[in-house]
Amino acid sequence: MTDPAGFLHIPRRPAQSRPPGERVGDWDELRAGRPLLPVVSGQARRCMDCGVPFCHGGCPLGNLIPEWNAYAAHGDWATAAERLHATNNFPDFTGRLCPAPCEDSCVLALTDDPVTIKSIEQTVADEAWARGYVRPLRPAKASGRSVAVVGSGPAGLAAAQQLTRAGHAVTVYERADRIGGLLRYGIPDFKMSKDVLDARIAQMAQEGTRFRPGAEVGGSVDAARVKAEFDAVVVATGATVPREISCRGRELAGVHQAMEYLEAANRATPSSPVPPSLSARGRDVVVIGGGDTGSDCLGTALRQGAASVVQLDVHPRPDRDRTAEEPWPLVHPKVFRTSHAHEEAWTRDGSDPRAFSSVAVRFDGDPSGRVRALVLSEVEPGSRNPLPDSARELPAQLVLLALGFSGPRLDPRLLGPLGLASDAEGTFARTPFFAALPPSPAPGPEEGAPVGVFVAGDAGRGPSLVVWAIAEGRAAAAATDRYLRGATELPAPIRATDRPLR
């Protein structure tokens, strides 16, 4: 175990990122080149090895957090990595991208600052790669069954890796030109280098997973043919339909969805830079939406050389501490948080870039039809209605809509051949065991799947976190394996109906 009294004499010390003024000048990861081992080993000693580790409940993967904390504290990186990978296919992803609901439910958070679980996780994963502990795990024998996975985001990749390791012949279809889904074109390099993603894809290819980029099932690839050629299909297309804004002037040039902007930035190379219409260089930028995607847009705009950036958040500024309405151990309470991008903007301009309790009223354009300003208002307390006489104008030559996503694309070319239907939330209907529910369900076994189609990730859950996507992929893989074999030894950390503790 770790130091029994470590939490009493060791203060929380997050792993340090590079100085904001330095990192905003490049696209390297926030902690690139920063030594983490001495800090992380000490921080792992703060873990109390609780009798009831609530951090497990905060993590849908059921990560064995006290166990790998103990091994990290003693410098046993091989065993720490084994314990970490026992429940998580891609801890190098979650250690960088997950907002760490496990820290919000850490028992130490009752009276003190929680353990720095996220940075410990990233360090263990990175050390595993650096020391050669991450190797391809090929199946002992082939099952003779085949599975198509539609979508290569975190849910699709997790399902594919689990099913390949179970001995099935797995082919991953991705409509984009490269594998990775949102991880490839939605996440900026400064949050997660594409080298991290590419290393996992290479590992999966060596294990036997086959990848088909540029192949849209229900588009360039006939969905009925996929259904006929494979013994089972896992649909993990994500929730890619962006929410829109009802605002006068929305049609003006220069008003874009956040993912359109982030994809252009992620695709850019020295020989193929960001299109001028999507570049923030020299422009006043307004980001509408206070979530992680809005923060990614903010950090990207700063690196592109924006003249100014303002991020609108319709919600009021939260308190720094939990309120009585959100007591411990509720996951991810609404408290005031400062992201790396907010810190970068603060350092550059001397003030918080966020405008809380604010809503866009209209966009104004110039004679050429391009946006030139955004008019915003404060909102009435407890609502999203504009407060009378509070309107003000912001200069804006680029406006980015980071309002989240409503669900998957309901393309009949996919739905019909695979027997998919949408539910009341606009996601693909499914059983608690991830089997797709067709429009008129036929009688079948308890877990559904009379047609061998399963739904994993945001396509069935709706927009969620990367850690939930991986948990969904693992659980859907277990359901698919059970359908193919009649039984399974694959772990199923969640059911499709499970939700975070609220």
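This chain uses plain numbering: 1 for the first residue, then up along the sequence. What you see is a predicted model; the values in this text were computed from it and never measured.
Residue Gln206 holds its CD atom at 13.0 Å from OG1 of Thr164, rounded to the nearest 0.5 Å. The distance from the CZ atom of Phe93 to the CG atom of Asn88 is 9.5 Å, given to the nearest 0.5 Å. The CG atom of Leu84 sits 12.5 Å away from the CD atom of Glu127 when rounded to the nearest 0.5 Å. Interatomic distance, Leu163 CG to Ser143 OG, rounded to the nearest 0.5 Å: 9.0 Å. Rounding to the nearest 0.5 Å places CD of Glu263 at 13.5 Å from NE2 of His256. From Glu103, atom CD reaches atom SG of Cys59 across 11.5 Å, with rounding to the nearest 0.5 Å.
Two residues are said to be in side-chain contact when any heavy atoms from C-beta on lie closer than 4.5 Å; Leu420 and Pro438 fail this criterion. Under the 4.5 Å side-chain criterion, counting only non-hydrogen atoms from C-beta, Phe363 is not in contact with Glu251. For the pair Thr300/Asn266, no side-chain contact is recorded, criterion being any heavy-atom separation below 4.5 Å from C-beta on. The shortest side-chain heavy-atom distance between His85 and Pro91 falls under the 4.5 Å cut-off. Residues Tyr261 and Cys297 meet the side-chain proximity criterion, which asks for heavy atoms closer than 4.5 Å. Residues Ile494 and Arg461 meet the side-chain proximity criterion, which asks for heavy atoms closer than 4.5 Å. In this structure, Ile245 and Leu403 have side chains that are in contact, with non-hydrogen atoms separated by less than 4.5 Å. Using a 4.5 Å cut-off on side-chain heavy atoms (C-beta onward), Pro408 and Phe428 make contact.
Under a 4.0 Å N-O distance rule, the pair Glu29/Arg23 does not qualify as a salt bridge. Using a 4.0 Å cut-off between a side-chain N of Lys or Arg and a carboxylate O of Asp or Glu, Glu174 and Arg184 do not qualify as a salt bridge. By the 4.0 Å N-to-carboxylate-O rule, Arg485 lies too far from Asp231 to be salt-bridged with it. Taking 4.0 Å as the cut-off between side-chain N and carboxylate O, Arg138 and Glu207 do not count as a salt-bridged pair. For the pair Glu216 and Arg409, the salt-bridge criterion is met [side-chain N within less than 4.0 Å of a carboxylate O]. One finds a salt bridge joining Arg96 and Asp126 here, because a Lys/Arg side-chain nitrogen approaches an Asp/Glu carboxylate oxygen to under 4.0 Å. Ion pairing between a basic and an acidic side chain is recognised when a charged N comes within 4.0 Å of a carboxylate O; Arg430 and Glu472 show such pairing.
Across all their heavy atoms, Ala396 and Leu374 have their closest contact at CB-N, 4.1 Å. Residues Gln203 and Gln161 approach most closely at OE1-NE2, 3.3 Å, considering heavy atoms. The heavy-atom pair separating Phe54 from Pro329 by the smallest distance is CD2-CG, 3.8 Å. Residues Ala239 and Gly462 approach most closely at CB-C, 4.5 Å, considering heavy atoms. Taking all atoms of both residues into account, the shortest heavy-atom contact from Leu197 to Met192 is CB-CE, 4.2 Å. Nearest approach of Leu262 to Gly186, heavy atoms of both residues: CD1-O, 3.7 Å.
Environment of CZ in Arg370: crowded, with over 12 heavy atoms of neighbouring residues, nucleotides or ligands closer than 6.0 Å. Within a 6.0 Å sphere centred on CG of Asp498, other residues, nucleotides and ligands contribute more than 12 heavy atoms. A 6.0 Å sphere centred on CZ of Arg225 holds no more than 12 heavy atoms belonging to other residues, nucleotides or ligands. Residue Arg495 places its CZ atom among 12 or fewer non-hydrogen atoms of other residues, nucleotides or ligands, all under 6.0 Å distant. In the displayed structure, Arg281 atom CZ is contacted under 6.0 Å by at most 12 heavy atoms of other residues, nucleotides or ligands.
Of the possible polar contacts, none joining the Thr116 side chain to the Ser119 backbone as a donor-acceptor pair under 3.5 Å is found. Judged purely by atom type and a 3.5 angstrom limit, Gln311 uses its side chain to pair as donor or acceptor with the backbone of Gly289. For the pair Ser383 (side chain) and Val379 (backbone), a donor-acceptor distance under 3.5 Å is absent. Side-chain atoms of Ser358 come within 3.5 Å of backbone atoms of Phe356 as a donor-acceptor pair (strictly under, hydrogens ignored). Proximity of a side-chain donor or acceptor of Arg250 to a complementary backbone N or O of Ser246 within less than 3.5 Å is not detected. With hydrogens and angles ignored, the 3.5 Å screen pairs no side-chain donor or acceptor of Ser272 with any backbone N or O of Thr269. At least one donor-acceptor pair closer than 3.5 Å links the side chain of His56 to the backbone N or O of Asn63. The backbone N or O of Ala280 sits less than 3.5 Å from a side-chain atom of Gln304, completing a donor-acceptor pair. Although no hydrogens or angles enter the test, the distance criterion places a donor-acceptor pair under 3.5 Å between the side chain of Asp423 and the main chain of Thr427. Formation of a donor-acceptor pair under 3.5 Å by the Thr480 side chain with backbone atoms of Ala476 is found in this model.
Tyr483 and Phe454 have their aromatic ring centers within a separation under 6.0 angstrom. For Phe190 and His340, the ring centers sit closer than 6.0 Å to each other.
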Does the side-chain hydrogen bond (donor to acceptor under 3.5 Å, both in side chains) test come out yes or no for Asp481 and Gln162, once each step is laid out?
CA-CA 9 Å; Asp481 188 45; Gln162 292 292 96; over 6 Å; no
Please assess Ser464 against Asp458 for the test side-chain hydrogen bond (donor to acceptor under 3.5 Å, both in side chains), listing each intermediate value before the final yes or no.
CA-CA 6 Å; Ser464 190; Asp458 291 1; 4.9 Å; no
In sequence, state the C-alpha distance, the side-chain angles, and the governing distance for Val196 and Asp198, and then conclude on side chain to side chain contact (heavy atoms under 4.5 Å, CB included).
CA-CA 6 Å; Val196 176; Asp198 290 338; over 6 Å; no
Derivation of the side chain to side chain contact (heavy atoms under 4.5 Å, CB included) call for Val150 and Val234:
CA-CA 6 Å; Val150 184; Val234 178; over 6 Å; no
Quick one, Gln122 with Arg31, criterion side-chain hydrogen bond (donor to acceptor under 3.5 Å, both in side chains). Give me CA distance, side-chain angles, the key distance, then yes/no.
CA-CA 11 Å; Gln122 178 184 340; Arg31 296 174 182 163; 3.2 Å; yes
Chi angles and distances behind the side chain to side chain contact (heavy atoms under 4.5 Å, CB included) call for Arg243, Phe405:
CA-CA 5 Å; Arg243 291 194 177 100; Phe405 302 88; 5.7 Å; no
Going through the checks in order, is the side chain to side chain contact (heavy atoms under 4.5 Å, CB included) test met by Arg175 and Thr240?
CA-CA 12 Å; Arg175 64 176 180 170; Thr240 58; 4.0 Å; yes
How far apart are the C-alpha atoms of Arg474 and Asn89, what are their side-chain angles, what is the distance that settles it, and do they pass the side-chain hydrogen bond (donor to acceptor under 3.5 Å, both in side chains) test?
CA-CA 8 Å; Arg474 289 171 67 88; Asn89 297 70; 2.7 Å; yes
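For the pair Arg178 and Tyr185, the NZ or CZ position fails the cation-pi test of under 6.0 Å to the six-membered ring centre and within 45 degrees of the ring normal.
Side-chain polar atoms of Asp189 and Ser193 form no donor-acceptor pair below 3.5 angstrom. Between the side chains of Thr94 and Glu121, at least one donor N or O lies within less than 3.5 Å of an accepting N or O.
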